[in-house]
Asker: 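Attaching a single structure in structure tokens format; questions to follow.
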Amino acid sequence: MQRRKSVSRIFELIVGGLGALVSLVSSSFILLIGSFGFGATSFLGLIATLGSFLGIFASIHVFKDSDVGGFMFIVSAILVLLGSTFFGVLGALLLLVAGISALFRK
């Protein structure tokens, strides 16, 4: 019986949580702009908000199953990037880094 070395997922928690919080702030800003009546920005803000909440859930879930958590981080990064065109680039990049790290770091 061999001992498996367990990998700490603190990096994914911090980077993913920070990316989710940054994207939540940017999506709130987009929703604020959409409240003034500028086209379809409120719908895009809702997509970005959904992505940031998925990122928060993924940062919690990465401790249970790192593959599912990494996939959720990547989906969250795509949603944030599509929902907040240029405002959420930093948050989407942090979520993507956390997702790739969760998938490939064993």
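Since we're looking at a predicted model, the values are computed, not measured. The figures that follow rest on heavy atoms only: side chains count, while hydrogens, waters and symmetry mates do not.
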Asker: So how far is it from I74 CD1 to I100 CD1, rounded to the nearest 0.5 Å?
Answerer: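 Result: 5.5 Å between the selected atoms.
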
Asker: Any chance you could lay out the side-chain contact (heavy atoms from CB on, under 4.5 Å) test for E12 and S59, step after step, and finish with the verdict?
Answerer: CA-CA 7 Å; E12 287 88 355; S59 64; over 6 Å; no

Asker: Please round to the nearest 0.5 Å and tell me the distance separating atom OG of S84 and atom CG of L90.
Answerer: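 Here the interatomic distance stands at 10.5 Å.
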
Asker: Between I30 and G83, which heavy-atom pair has the shortest distance, and what is it?
Answerer: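 Heavy atoms of I30 and G83 come nearest at CD1-O, 4.0 Å.
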
Asker: Is the closest side-chain heavy-atom distance between F63 and L13 below 4.5 Å?
Answerer: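 SC-SC contact between F63 and L13 confirmed.
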
Asker: What is the distance from atom CD1 of I47 to atom CG of L81, rounded to the nearest 0.5 Å?
Answerer: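 Result: 12.0 Å between the selected atoms.
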
Asker: Short question: side chain of T49, backbone of G45 - any donor-acceptor pair under 3.5 Å?
Answerer: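 Checked: pair present.
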
Asker: Should I78 and L82 count as side-chain neighbours, where that means a heavy-atom distance under 4.5 Å?
Answerer: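 Yes. Closest side-chain heavy atoms under 4.5 Å.
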
Asker: Which heavy atom of A102 sits nearest to which heavy atom of G70, and what is that distance?
Answerer: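 Closest approach of A102 to G70: CB-CA, 3.7 Å.
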
Asker: Name the residue from L94, L93, I10 that meets the side-chain contact (heavy atoms from CB on, under 4.5 Å) definition with V15.
Answerer: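 Exactly one pass, corresponding to L94.
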
Asker: Can you tell me how far OG of S52 sits from CG of L95, rounded to the nearest 0.5 angstrom?
Answerer: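 Between L95 CG and S52 OG, I get 8.5 Å after rounding to 0.5 Å.
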
Asker: Go through the steps for F73 and L96 under the test side-chain contact (heavy atoms from CB on, under 4.5 Å), then give the verdict.
Answerer: CA-CA 6 Å; F73 274 133; L96 187 66; over 6 Å; no

Asker: Are L18 and F11 connected, step by step, through hydrophobic side chains (Ile, Leu, Val, Met, Phe, Trp, Tyr) whose heavy atoms are closer than 4.5 Å?
Answerer: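 In one cluster with L18: F11, yes.
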
Asker: CD1 of I56 to CG of L24: how many Å apart, nearest 0.5 Å?
Answerer: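 The CD1 atom of I56 sits 5.5 Å away from the CG atom of L24.
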
Asker: Should F29 and V89 be counted in the same cluster of Ile, Leu, Val, Met, Phe, Trp and Tyr side chains packed under 4.5 Å apart?
Answerer: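 No, it is not one cluster - the side chains of F29 and V89 are not joined through contacts under 4.5 Å.
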
Asker: Can you name the nearest heavy-atom pair linking A58 to G69, along with the distance?
Answerer: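 Where A58 meets G69 most closely, the heavy atoms are CB-O, 3.8 Å.
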
Asker: Nearest heavy-atom pair of S26 and G88: which atoms, and what distance?
Answerer: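 Minimum heavy-atom contact is OG-CA, 3.7 Å.
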
Asker: May I have the step-by-step check of side-chain contact (heavy atoms from CB on, under 4.5 Å) for F87 and V25, ending in yes or no?
Answerer: CA-CA 9 Å; F87 293 114; V25 168; over 6 Å; no

Asker: Do you know which two heavy atoms are closest between R9 and R105, and how far apart they sit?
Answerer: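 So the two residues come closest at NH2-O, 2.9 Å.
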
Asker: At what distance, to the nearest 0.5 angstrom, does OG of S23 lie from CG of L79?
Answerer: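 Going from the OG atom of S23 to the CG atom of L79 covers 10.0 Å.
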
Asker: Per the salt bridge (charged side-chain N to carboxylate O under 4.0 Å, His left out) rule, what does the pair list look like for residues 67-91, sequence neighbours excluded?
Answerer: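 Qualifying pairs, neighbours excluded: D67-K106.
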
